[in-house]
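Encoded as structure tokens, the structure appears first; notes follow it.
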Amino acid sequence: MPAVILKDGSVREYGQPVTGLDVAASISPRLAKEAVAIRINGVSKDLTCIIPDQASIELIMRNDEEGLEILRHDTAHVIAEAVKELYPETQITIGPAIENGFYYDFYREKSFTPDDLVTIEKRMREIVARDEKITREEWSRPDAIKMFKEMGEHFKAELIESIPGDEGITLYRQGNFVDLCRGPHLPSTGRLGTAFKLMKIAGAYWRGDHRNPMLQRIYGTAWSTEQQLKDYLHQLEEAEKRDHRRLGAELDLFHIQEEAPGSVFWHSKGYSIYRKLESYIRNRLEKNDYVEVKTPQLVDRSLWEASGHWEKFREGMFTVDSEDRTLAVKPMNCPCHVQIFKQGLKSYRDLPLRMAEFGSCHRNEPSGSLHGLMRVRAFTQDDAHIFCTPEQIITETKAFCDLLKDIYEDFGFTDVRIKFSDRPEKRAGADEVWDQAEKALIEAATAAELSYTLNPGEGAFYGPKLEFVLRDSIGRDWQCGTLQVDFVLPERLDASYIGEDGKKHRPVMIHRAIFGSFERFIGVLIEHYAGKFPLWLAPVQAVVATVITDAEDYANTIVEQLRANGLRAELDTRNEKISYKVREHSLQKIPYILVVGKRESDEKTVAIRKLGGEAQQTVSLVEALAMLKDEAKVPE
């Protein structure tokens, strides 16, 4: 009798060969409905695949991460089928699943329009309603190439020709549509559901090469349930309202212009936020025994060659030639911090040495990737490097993670995810050094009781890292903080300390940041708060607005007292209706509007309106000052 071993270790026996779909149905109707694929001895397969006797299996469900990726890839096949039915002259190319959805690239002389997207999406829903059976086929390479060429699908034929010779060719067929694919896929189009939507059209070169034909890329989003789709579309709507570029202009915070691509012009209000963040993080670092340093902007290429950055990161560096020397504008601070560490003899008693810098860095990011404050060429890191002994890695990691958690909570980020990124393909240092660094970081993460997911191959070129991902108020993820364990740079740059045994030893270098960069973190904060900053961060904390001209002297007195108490206050004595003033300052996201008229002037009171509140509260000036001063305290 065929027997399969389930994920929980239990064994089920069957009287005849079974598929994943059979197993799911034998357990429960819900499983049979929700399952999208099966993992057999660790390998993902179609649900319709026959399971070998004594195989270990695991059902992949719609809501699983891999299950959702399969759904999205199936949706890409459905859009390709819809386009071929509607526009038969179109050639299909590739259509992968991506974060939050999928795309498919098409070659077509005539451009797709937004109206075409509506038509295509309607046909996609018809294909789902047909519930077409999806079947896997194995083909020889010559036959597959010949078939696609005869169909006029020259891009598909080229793809097959580029597949390594030892790999088999698998095709998936649904209705009259056939596509090259490894799979797995659903048993039929009907099981896909209708939780998808086409989003936009973009251009893309075939295989990413500008010398190749230009394709039309249609993006879509797909989810396992209609509610998830609805939530995602609502998130996009919210994100558009919160776009930091739009709010940056509306609130007069910053701007970026063509003459300085990827560089920020901070306006007074935006720079107020910047300086408040800098003051806040500096205070937190000082209390945690960091020393602050400042290093040069231009450094000779010889240092970057010695550190390995010239080889691994040269394309991202700006350079300048001067007096027969090539200098690079620093893209990061770490090699310079090693130079400070090397000045004078260091003892094990000097460690750990926590060296911080608000380092101004420049990286030659492609112009097409620049995006407001989120992706820039000129930025300032809240950077620090901890020089320590191998035995201190665990305690330093724990201390940093505690500090990072406290700081994120001060900004309202309580949902923080962690990724462990191990050695990349392009790296410096021997494998045994990486083994040591990865082992040390895993031990430190375990000791700090951190729960993390693996992010294979995404470490820095000199060491593995932990990436700290914040979830904002509308559910989006932002990678900001990082901690990297580095055994490579101290060796390459000849850093050492005298150990307890009187001999020279290499320090371990822990690279760490909390904001990541001031620019990007401010962009995240603008969108997280939708421009409504907490009082301690707000560029203007209060506006005193007059109802009548007779209250101007009293309004001036209030502003003076607010400023004397450390509050950032402005005065509005314009000859406008108070309703106009309140509306205008509310649109500027001013946290508090203090309204004064004849009665308030006579009684030495103020009418307080809080941003987002419906009613106003009248209190004495003394009470108002105490309340605002208390709320505006900077977290410590």
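Numbers here are sequence positions counted from 1. The structure presented is a predicted model; accordingly, all values stated were derived computationally and were not measured.
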query = Is there a donor-acceptor contact under 3.5 Å from the side chain of Arg471 to the main chain of Arg476?
reply = no

task = Please name the residue in the list Phe411, Tyr274, Trp478 that meets the ring pair (Phe, Tyr, Trp, His ring centres under 6.0 Å) test with Phe521.
result =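 It is Phe411, the one option of Phe411, Tyr274, Trp478 that forms the ring pair (Phe, Tyr, Trp, His ring centres under 6.0 Å) with Phe521.
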
Test: Asp602 and Lys598 ion pair at under 4.0 Å =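 A salt bridge is present here (some side-chain N lies under 4.0 Å from a carboxylate O).
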
key: Partners meeting salt bridge (Lys or Arg N to Asp or Glu O under 4.0 Å) with Glu315 (sequence neighbours left out)   =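 Glu315 satisfies salt bridge (Lys or Arg N to Asp or Glu O under 4.0 Å) with Lys426 only.
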
ask   = Honestly, is Arg72 close enough over Phe102, meaning NZ or CZ under 6.0 Å from the six-membered ring centre and within 45° of the axis?
value =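 No, Arg72 does not sit over the ring of Phe102.
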
message = Quick check with a 6.0 Å cut-off and a 45 degree axis cone: is Lys604 positioned over the face of Tyr554's six-membered ring?
response = yes

Would [X] and [Y] count as a close aromatic pair, with their ring centres under 6.0 Å?
| X | Y | answer |
| --- | --- | --- |
| His337 | Phe387 | no |
| Phe341 | His385 | no |
| Phe265 | His255 | yes |

ask   = So which of Leu470, Thr414, Leu403 actually passes side chain to side chain contact (heavy atoms under 4.5 Å, CB included) with Tyr408?
value = Leu470

ask   = Distance from Asp415 atom CG to Asp472 atom CG, nearest 0.5 Å?
value =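 Rounded to the nearest 0.5 Å, the CG-CG separation comes to 10.0 Å.
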
request  = Enter the distance from Lys581:NZ to Ile590:CD1 here, rounded to the nearest 0.5 Å.
outcome  = 14.5 Å

query = Does the pair Tyr280 and Glu636 meet the rule for a side-chain hydrogen bond (donor to acceptor under 3.5 Å, both in side chains), with working shown?
reply = CA-CA 8 Å; Tyr280 163 84; Glu636 296 184 357; over 6 Å; no

request  = Evaluate the side-chain contact (heavy atoms from CB on, under 4.5 Å) criterion for residues Gln228 and Arg62: first the C-alpha distance (whole Å), next the side-chain angles of each, then the deciding distance (0.1 Å), finally the verdict.
outcome  = CA-CA 12 Å; Gln228 288 176 353; Arg62 308 177 63 85; over 6 Å; no

key: Step-by-step ring pair (Phe, Tyr, Trp, His ring centres under 6.0 Å) determination, Phe254 to Tyr271   = CA-CA 8 Å; Phe254 70 90; Tyr271 198 51; over 10 Å; no

